[in-house]
Asks: 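Here it is: the structure, laid out below.
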Amino acid sequence: MLGRFNLMGLWTLYLKEVRRFLNVLTQTVVAPVVMSLLFLAVFTLALGRGSMSVAGIPYPEFLAPGLIIMQMLQNSFANTSSSLVIAKVQGNIVDVLMPPLSPGELTLGYVGGGMTRGLLVGFAAGLAVWPFVRYGIHDPLAIIYYAINASMMLSLLGILGGVWADKFDHIAAVTNFVIMPLSFLSGTFYSVERLPENWVFVAHLNPFFYLIDGFRYGIIGHSDSPIWMGALIVAGVNVILWTLTYRMLATGYKLKP
Amino acid sequence: MSRLSSGPNWRGLWALLRRGLLRYLRSLPEMAGGTASMGLLFLLVFSVALPEGTAFQPGVDALQFLVPGLIAWGMFSSAFENVGFPLLFDRMEGMIQDVMMAPLSPLERLAGYVLPGICCGLITGAIMLALFSVFIDIPLDAPWRSAGFALVGCVLFALIGSLTGLWAEKWDQFALVENFLVLPLGLLSGTFFTLDSLPDGGQLAILGNPVFHIIDGFRSGFTGTLESTGFLSPLLALLPSLFLLYFTWRLFARGYRVTT
């Protein structure tokens with residue numbers, strides 16, 4: 001077994017991760033879907049006055065893809081980070097560290113779980129929003145590419161955060177002060193063209209912006225930045241995050257004494 | 001202290017109130033910090049996304065209209081959480097027995113859980129108000145009206161919290177009420193929109209929603225404009241609290257889900 005790829009171990013870890021969130025389905029999948037519907041109602045009622053439109057697109061249609069991917073981002077992050085922090089606080093992280101799983105297999109298993117939740121939430125939110133906002137599908141390939149990269153990026157960030165955090169407060173702080181602001185302010189609710197000039201530049205340094213922009217392009221066919229550029233940047237960030245996570249797990253940072 | 005004398009057990013009540021407040025203060029940075037940063041995020045989004053010069057009510061800037069809504073939402077969810085959470089925690093850990101054994105009447109026990117939550121809600125509201133006033137020029141038409149409606153809203157949500165904390169058997173069920181009742185009530189009760197932005201059917205539905213009248217009253221203390229001026233409004237704002245107060249009091253008296 002050693003020296004070869006531990007497929008069974010990886011599958012077991014993946015299943016554990018998936019069953020963990022399916023066990024509390026109402027909190028991990030249904031609640032985010034309801035959240036996106038609530039946000040849809042709130043923001044179209046508050047902002048949709050006088051039939052506001054963004055770049056010639058009716059506001060609800062502009063908003064819907066942003067809300068869907070926002071929930072994907074938040075839930076992918078929540079899945080891996082909470083899994084690791086709970087395991088660390090309760091001490092059962094040893095059950096994951098003891099089996100013959102390589103750092104690469106550990107990363108894959110956790111990321112797989114986080115991505116499954118992110119994609120499931122995104123799909124469910126997409127279905128739930130549709131009766132209210134009849135959006136079309138402009139480019140299915142872009143949707144799939146960005147959905148996969150978004151959930152992957154946030155799952156990896158969730159591992160990094162989860163390994164770093166020593167208690168729930170730490171990860172709550174990361175969620176409240178890093179992940180939430182980034183997912184809120186990166187173009188979910190508005191076109192970044194509306195930002196003051198200097199901030200447009202800052203927005204273009206933010207990988208979350210490309211995730212949201214690209215995903216929205218896949219649905220409504222409008223993007224604030226060239227789509228190939230976003231695709232490259234997103235892929236590059238994910239490669240960096242994979243390497244970082246792999247190194248972190250391989251060195252045993254904050255996991256092994 | 002002898003309980004032979006009739007009259008409220010002030011010392012016991014004070015002990016419970018202090019316990020509740022200390023619990024809250026210990027996690028204040030995360031609790032209030034989370035709520036306040038969420039409010040700021042909403043505000044930022046609105047200020048970027050709203051076209052220049054949007055007014056929701058005549059003479060009231062869009063952000064001036066939205067800020068009271070955001071504060072109300074933060075206050076009410078804080079009041080709910082800080083009653084429901086401790087109550088369910090105490091029941092699950094068995095600590096509720098310490099409260100049941102103490103020489104307190106059912107109404108005092110209920111107050112011992114609900115009062116700290118009301119205070120937490122009001123503290124959260126004050127923090128948010130202070131924070132927002134740094135960025136936005138908030139008008140203050142009738143401060144006492146706002147304070148009164150803030151209190152009414154916190155009482156209502158604290159009571160909903162006590163009912164949830166009493167009913168739920170596990171965290172899952174608690175989250176169910178929070179996600180599917182409290183959150184929609186907080187977000188959709190005219191928090192961020194005016195009556196006239198709703199279709200006719202929606203207007204009628206929202207006029208029957210007590211939380212709408214509470215938020216409307218709370219906001220009018222700032223902006224000076226009431227959305228709904230019907231004589232039923234104050235009644236609709238107050239009645240549910242009175243009903244819930246009686247109901248949860250009876251539940252505490254019966255020992256519902258706390259004594260076997």
Asks: Please report the interatomic distance CZ(A:F39) to CG(B:L187), rounded to the nearest 0.5 Å.
Replies: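 Those atoms lie 6.5 Å apart.
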Asks: What option among A:L37, A:V30, A:D169, A:L195 has the most heavy-atom pairs under 4.5 Å with chain B?
Replies: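 The option with the most such pairs is A:D169.
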Asks: Should the pair B:F46 and A:F43 be assigned to parallel (<30°), tilted (30 to 60°) or perpendicular (>60°) ring geometry?
Replies: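 If you compare the ring of B:F46 with that of A:F43, the planes turn out parallel.
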Asks: Could you look at B:F65 and say if it's the side chain, the backbone, both or neither that has a heavy atom under 4.5 Å from chain A?
Replies: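 No part of B:F65 comes within 4.5 Å of chain A.
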Asks: Testing the basics here: between A:P181 and B:L41, what is the closest heavy-atom pair and its distance to 0.1 Å?
Replies: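 Looking at all heavy atoms of both residues, the closest pair is CA-CD2, 3.6 Å.
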Asks: Measure A:V54 against the heavy atoms of chain B and call it side chain, backbone, both or neither at under 4.5 Å.
Replies: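 For A:V54, no heavy atom lies under 4.5 Å from chain B.
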Asks: Kindly write out the residues that satisfy side chain to side chain donor-acceptor pair (under 3.5 Å) with A:T116, not counting sequence neighbours, or none if the list is empty.
Replies: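 Per chain and number, A:T116 pairs via side chain to side chain donor-acceptor pair (under 3.5 Å) with A:Y14.
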Asks: Could you please spell out the steps behind the side-chain hydrogen bond (donor to acceptor under 3.5 Å, both in side chains) verdict for A:Q27 and B:N179?
Replies: CA-CA 8 Å; A:Q27 281 177 67; B:N179 285 324; 5.8 Å; no
Asks: So which atom in A:N176 and which in B:S37 form the shortest heavy-atom distance, rounded to 0.1 Å?
Replies: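 Closest heavy-atom pair between A:N176 and B:S37: O-OG, 3.9 Å.
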Asks: Quick one: does A:V42's side chain get under 4.5 Å of B:T191's, heavy atoms only?
Replies: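 The answer is no; the side chains never approach within 4.5 Å.
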Asks: How long is the gap from CG on B:L40 to CE on A:M180, to the nearest 0.5 Å?
Replies: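 Answer rounded to 0.5 Å: 13.0 Å.
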Asks: When you look at CZ of B:R18, are more than 12 heavy atoms from neighbouring residues, nucleotides or ligands closer to it than 6.0 Å?
Replies: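 It does not: B:R18 CZ has 12 such atoms or fewer within range.
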Asks: Determine whether A:L45 and B:F192 make a side-chain contact, defined as any pair of heavy atoms from C-beta on separated by less than 4.5 Å.
Replies: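 A side-chain contact under 4.5 Å is absent here.
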Asks: Where on B:L183 is there a heavy atom nearer than 4.5 Å to chain A: the side chain, the backbone, both, or neither?
Replies: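 For B:L183, backbone and side chain are both near chain A.
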Asks: Is it the case that atom NZ in A:K254 sees more than 12 heavy atoms from other parts of the structure closer than 6.0 Å?
Replies: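 Counting other residues, nucleotides and ligands, NZ of A:K254 exceeds 12 neighbours.
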Asks: Can you tell me which portion of B:L176 sits under 4.5 Å from chain A's heavy atoms? Options are side chain, backbone, both or neither.
Replies: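 Side chain only.
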Asks: Relative to chain B, which segment of A:A172 carries a heavy atom at a distance below 4.5 Å: side chain, backbone, both, or neither?
Replies: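 Answer is neither: A:A172 stays 4.5 Å or more from chain B.
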Asks: Is it true that B:F42 and A:F189 have ring centroids separated by less than 6.0 Å?
Replies: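 For B:F42 and A:F189, the ring centres are not under 6.0 Å apart.
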Asks: In Å and rounded to the nearest 0.5 Å, what is the OG to OH distance from B:S47 to A:Y190?
Replies: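 Nearest 0.5 Å value for the OG-OH distance: 8.0 Å.
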